[in-house]
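Since the structure comes first, as structure tokens, the remarks are kept for the end.
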Amino acid sequence: MDCQTCGACCSFSSEWPRFTTEADDDLALIPRHYVEADQRGMRCEGSRCSALSGEVGINTSCLVYEVRPDVCRACVPGDEACGMARAKVRF
């Protein structure tokens, strides 16, 4: 599983990623235009995170990778959540 050619976890639901355990100081590092107005999570365009760049299944990258939220850091290539996202995106 190569995350940089996939991007499924960042493009399968507008309800994810939601902030949970992040400290306010850490969230403040994410540029505001990538964060939902209600500050519950990352802003999405449809079902895709606004910080995801590229074409899903071909070549993707995270525009805020260095300061991405904890929920994104917890993603593990090939785990159950990864499989669910890949099945929903179907590329």
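- Closest approach of Cys6 and Val56 over heavy atoms only: O-CG1, 3.3 Å.
- Both Met42 and Leu29 belong to a common hydrophobic cluster when Ile, Leu, Val, Met, Phe, Trp and Tyr are linked at side-chain heavy-atom distances under 4.5 angstrom.
- When all heavy atoms are compared, the tightest approach of Phe12 to Ala85 is CD2-CB, 3.6 Å.
- In terms of modelled atom types and a separation under 3.5 Å, the side chain of Thr60 and the main chain of Cys3 share a donor-acceptor contact.
- Residues passing the side-chain hydrogen bond (donor to acceptor under 3.5 Å, both in side chains) test with Asp26, sequence neighbours excluded: none.
- Atom NZ of residue Lys88 and atom SG of residue Cys9 lie 13.5 Å apart, to the nearest 0.5 angstrom.
- With sequence neighbours excluded, no residue forms a side-chain hydrogen bond (donor to acceptor under 3.5 Å, both in side chains) with Asp2.
- Listed by chain and number, the residues in a salt bridge (Lys or Arg N to Asp or Glu O under 4.0 Å) with Glu45 are Arg43 (sequence neighbours excluded).
- Between Ser11 and Val89, the closest side-chain pair of non-hydrogen atoms falls below 4.5 Å.
- Taken from CD in Glu22 to CG in Leu27, the straight-line distance is 5.0 Å, to the nearest 0.5 Å.
- Among residues two or more places apart in sequence or in another chain, the side-chain contact (heavy atoms from CB on, under 4.5 Å) test is passed with Ser53 by Ser61, Leu63.
- Between the side chains of Asn59 and Thr5, no donor N or O sits under 3.5 Å from an acceptor N or O.
- For Asp25, there are no salt bridge (Lys or Arg N to Asp or Glu O under 4.0 Å) partners, not counting sequence neighbours.
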Please list, one pair per line, the donor and acceptor atoms closer than 3.5 Å that link side chains of residues 72-80 to other protein atoms, with sequence neighbours excluded.
residue : atom : partner : partner atom : Å
Arg73   : NE   : Arg68   : O            : 3.0
Arg73   : NH2  : Glu66   : O            : 2.9
Asp79   : OD1  : Ala81   : N            : 3.2
Asp79   : OD1  : Cys82   : N            : 2.8

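- The stretch residues 32-42 participates, sequence neighbours left out, in these salt bridge (charged side-chain N to carboxylate O under 4.0 Å, His left out) pairs: Asp38-Arg40.
- A single hydrophobic cluster is seen to contain both Val67 and Phe19, as judged by linkage of ILVMFWY side chains at heavy-atom distances under 4.5 Å, directly or through other members.
- Side chain of Ser14 to main chain of Cys44: no donor-acceptor pair is present (N/O by atom type, distance under 3.5 Å, no hydrogens or angles).
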